[in-house]
Amino acid sequence: MIDPAILRTDPDRIRESQRRRGESVEVVDELIAADAAKRAAQQHFDELRNQQKVLGRQIGPLQGALKKAADDTSRARAQAEVEALMAQASTLADDVKAADAAAIEAAALADGLWLRISNLVNLDSPVGGEADFVVLEEVGTPRDFAAEGFEPRDHLDIGELLDAIDTVRGAKVSGSRFFYLKGIGAQLEFALLNLAMQQASANGFIPMITPAIVLPSAMEGTGFLGQAAENVYRLDDDDLYLVGTSEVPLAAYHSDEILDAAALPIRYAGWSSCFRREAGSYGKDTRGIIRVHQFDKVEMFVFTTPDAAEAEHARLLRWERDFVEALELPYRVIDVATGDLGSSAARKFDIEAWIPTQGAYREITSTSNTTEFQARRLRIRMRDGDRVQPLATLNGTLCAMPRIIVAILENHQQPDGSVVVPQALRPFLGGRAVLTAPEPATRA
RNA sequence: GGAGGCGUCGCCUAGUCCGGUCUAUGGCGCCGCACUGCUAAUGCGGUUUGGGUCUUAACACCCAUCGCGAGUUCAAAUCUCGCCGCCUCCGCCA
């Protein structure tokens with residue numbers, strides 16, 4: 001959620017943000033009313049409760065006096081006094097109970113509306129929908145396969161040639177959009193994992209292996225139960241969720257905590273499997289492993305001060321680019337438009353790698369500045385001197401395995417279907433320079 | 001899965017049996033002040049978090065908060081029920 005003070009002092013800022021996102025503006029006015037009602041109800045309860053406590057504090061000592069009463073007359077007098085107070089308190093108790101219920105109801109209404117308001121967009125984000133992104137930079141030159149004299153194979157053809165990717169058996173065992181990485185394919189993932197973790201460690205990230213199943217509170221706190229809910233797997237019997245990214249367990253790691261501002265930024269590089277239902281993407285990217293239900297990913301996640309968030313966002317993008325450049329992939333950077341940010345992000349940059357057989361750039365990383373939005377929802381704060389206040393969180397993909405593998409196979413392929421290994425990756429593959437098909441005898 | 005124990009405002013801890021001056025005790029740590037060549041020691045004061053009133057701000061005051069939720073009661077850290085977590089033992093298990 002965003003700073004509640006903004007709702008009271010500058011609601012137009014929220015309206016404008018909602019408008020730019022193409023989301024409800026009316027909900028802001030509903031919330032203003034609900035917020036006022038919530039405070040009024042709480043105040044009413046507080047007053048009644050105070051009266052009740054004042055009365056209660058008189059009864060205790062009186063009963064003590066009653067026990068020690070010296071004679072019958074003073075005992076009778078104390079007795080009458082106690083009974084009068086208790087009768088008074090009794091009617092008050094009913095009022096307190098009713099006021100409490102009303103306050104809880106008003107709070108629930110306001111809190112529900114808060115969940116429907118997305119983060120304030122950064123005013124530099126291009127306004128519009130999915131297609132209205134701005135290209136910030138193109139890096140590297142796509143290979144000219146025509147000039148090289150051969151038709152490039154797509155990643156699945158190469159993967160099958162190398163016996164590295166098996167989608168047929170993936171579908172047999174688990175259904176469509178599941179796959180096996182096999183042989184050199186599996187080794188390639190381990191190499192990428194190690195390269196990514198080495199880079200992350202060098203940049204001050206703490207490696208983490210996270211749970212892939214989380215409580216509803218973690219899912220909601222990171223903002224994935226809003227519009228994105230349809231893409232989340234839910235374990236109904238246990239009321240748990242499969243995460244779509246380790247951003248969720250990494251963000252929730254410090255939930256309900258107060259961190260020392262002097263210790264920030266804290267950077268984690270999380271490794272986990274990621275699960276996505278891909279609802280509504282029927283017919284899209286059905287071939288190969290560009291869009292799958294389960295994959296592994298190294299995710300960067302940062303807790304920092306709100307002041308430092310924008311600079312950190314730039315660093316995350318830089319580190320993503322370093323990784324993609326180490327793999328010698330042509331790519332471009334886009335500034336994602338307001339309508340495509342997701343509810344938590346104020347600003348988002350994607351890296352898209354060139355995919356030769358599609359003649360297009362396709363998303364391989366995404367980095368978001370979620371400012372204080374997730375921190376407020378997850379109650380993560382920082383102690384700065386004697387002040388306690390929300391901090392900022394940011395996330396960025398370092399290496400989403402399937403898409404990186406797609407880009408490597410397609411961009412570094414040779415006419416015979418073998419694949420040249422980028423220099424940076426070779427040490428992690430036992431020095432191998434080329435990925436080639438295994439001996440026929442070893443194929444199944 | 002079964003049995004038992006435990007959960008108090010950073011950490012440790014008193015309080016829970018038997019409800020009311022609990023407006024939660026004490027120690028450690030931390031912050032401020034005093035004293036003192038410096039440090040240390042000592043003394044005094046402060047130190048959960050959230051919401052609200054007032055407000056330039058500070059202060060002050062009110063409400064909530066003793067794992068979470070519900071209940072009993074005029075009144076709940078304390079009694080009752082449910083849930084969660086941790087520990088020990090048993091069972092199962094990579």
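A note on names: the letters A, B, ... follow the listed sequences, proteins ahead of strands, and every chain is numbered from 1. Note that this is a predicted model, so its numbers are computed, not measured.
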Separation between the C1' atoms of B:G71 and B:A76, rounded to whole Å
11 Å
Are A:Asp35 and A:Lys38 ion-paired here, with the side-chain N under 4.0 Å from a carboxylate O?
no
Rounded to the nearest angstrom, tell me the gap between atom CZ in A:Arg376 and atom C1' in B:G50.
13 Å
Would the A:His254 and A:Phe301 ring centres measure less than 6.0 Å apart?
no
Any strand, both distances under 3.5 Å, Watson-Crick or G-U wobble: B:C81 pairs with B:G69
Let's see if you can work this out: which of B:U49, B:C74, B:G52 has an atom nearest to the side-chain heavy atoms of A:Val388?
B:U49
Which one, B:U72, B:G52, B:C74, comes nearest to the side chain of A:Lys97?
B:U72
Any non-hydrogen side-chain atom of A:Trp114 less than 4.5 Å from a side-chain atom of A:Leu31?
yes
Separation of the C1' atoms in B:U55 and B:A60, to the nearest angstrom:
11 Å
Nearest-angstrom distance, P atom, B:C12 to B:G4
26 Å
What does B:C92 pair with, Watson-Crick or G-U, if both distances are under 3.5 Å?
none
Relative to the 5' end of RNA chain B, which residue comes earlier, A:Ala93 or A:Gln43, by the nucleotide with the nearest heavy atom?
A:Gln43
Taking atom C1' in both B:U21 and B:A75, compute the distance separating them and give it to the nearest angstrom.
14 Å
A:Arg39 has a side chain; which of B:U49, B:G52, B:A64 sits nearest to it?
B:G52
Provide the distance between the two C1' atoms, one in B:G67 and one in B:C87, to the nearest whole Å.
15 Å
Suppose you measure atom P in B:U23 against the same atom in B:C66; what distance do you get, rounded to whole Å?
13 Å
Rounded to whole angstrom units, what separation is found between the CG atom of A:Asp239 and the P atom of B:C84?
12 Å
At 4.0 Å (heavy atoms only), tell me whether A:Arg387 reaches a base, stays on the sugar-phosphate, or touches nothing.
nothing
Write down the partner of B:C28 under the Watson-Crick or G-U wobble criteria, each distance required to be under 3.5 Å.
B:G10
Can you check the distance between B:C54 and B:C59, where both ends of the measurement are the C1' atom (answer in whole Å)?
11 Å
Counting only side-chain nitrogens and oxygens, does A:Asn50 get under 4.0 Å of the OP1 or OP2 atom of B:C63?
yes
May I ask you to check whether over 12 heavy atoms, not counting those of A:Ile209, lie within 6.0 Å of atom CD1?
no
Does A:Glu220 offer a backbone N or O that forms a donor-acceptor pair with the side chain of A:Arg377 under 3.5 Å?
yes
Any strand, both distances under 3.5 Å, Watson-Crick or G-U wobble: B:C86 pairs with B:G5
Between B:G20 (C1') and A:Gln52 (CD): distance, integer Å
13 Å
Have a look at A:Glu47 and say if it touches a base, only the backbone sugar-phosphate, or nothing, with a 4.0 Å heavy-atom cut-off.
nothing
Determine whether a donor-acceptor pair (N or O, by modelled atom type, separation under 3.5 Å) exists between the side chain of A:Arg21 and the backbone of A:Gly342.
yes
Look at the side chain of A:Arg381 and decide which nucleotide, out of B:C63, B:C74, B:U49, has an atom nearest to it.
B:U49
Would you say A:Lys53 places a side-chain N or O within less than 4.0 Å of OP1 or OP2 belonging to B:G20?
no
Heavy atoms from C-beta onward define the side chain here; which of B:G52, B:C74, B:C63 lies closest to that of A:Phe45?
B:C63
Starting at atom NZ of A:Lys38, determine the distance to atom C1' of B:G50, rounded to an integer number of angstrom.
10 Å
Scan A:Ile258 against the nucleic acid and name what it touches under 4.0 Å (heavy atoms): base, sugar-phosphate only, or nothing.
sugar-phosphate
Taking only the side-chain nitrogens and oxygens of A:Gln42, find out if one of them lies under 4.0 Å from OP1 or OP2 of B:C63.
no
Nearest-nucleotide wise, let me know which of A:Asp46 and A:Ile104 is further upstream toward the 5' end of RNA chain B.
A:Asp46
In whole Å, what is the span from the CG atom of A:Leu215 to the C1' atom of B:C84?
10 Å
Here the distance between atom P of B:C30 and atom CG of A:Asp260, to the nearest Å, is 14 Å
Nearest of B:A64, B:U53, B:G50 to any side-chain atom of A:Arg49?
B:A64
Rounded to whole Å, CG of A:Asp3 lies from P of B:G50 at a distance of 13 Å
Which base sits across from B:A41 as a Watson-Crick or G-U pair, both distances under 3.5 Å?
none
Could you tell me how far B:G20 sits from B:C84 if I compare only their P atoms? Round to whole Å.
31 Å
Does B:C30 have its OP1 or OP2 closer than 4.0 Å to a side-chain nitrogen or oxygen of A:Arg383?
no
For B:C61, which nucleotide is its Watson-Crick or G-U wobble mate, given both distances must be under 3.5 Å?
B:G52
Any strand counts, and the cut-off is 3.5 Å on both contacts for Watson-Crick or G-U wobble. Which nucleotide pairs with B:C17?
none
Minimum side-chain heavy-atom gap A:Phe323-A:Cys399 below 4.5 Å:
yes
Protein-nucleotide distance (A:Asp384, atom CG; B:U49, atom P), rounded to Å
14 Å
Looking at A:Lys348 and A:Asp340, is any side-chain nitrogen of the basic one under 4.0 Å from a carboxylate oxygen of the acidic one?
no
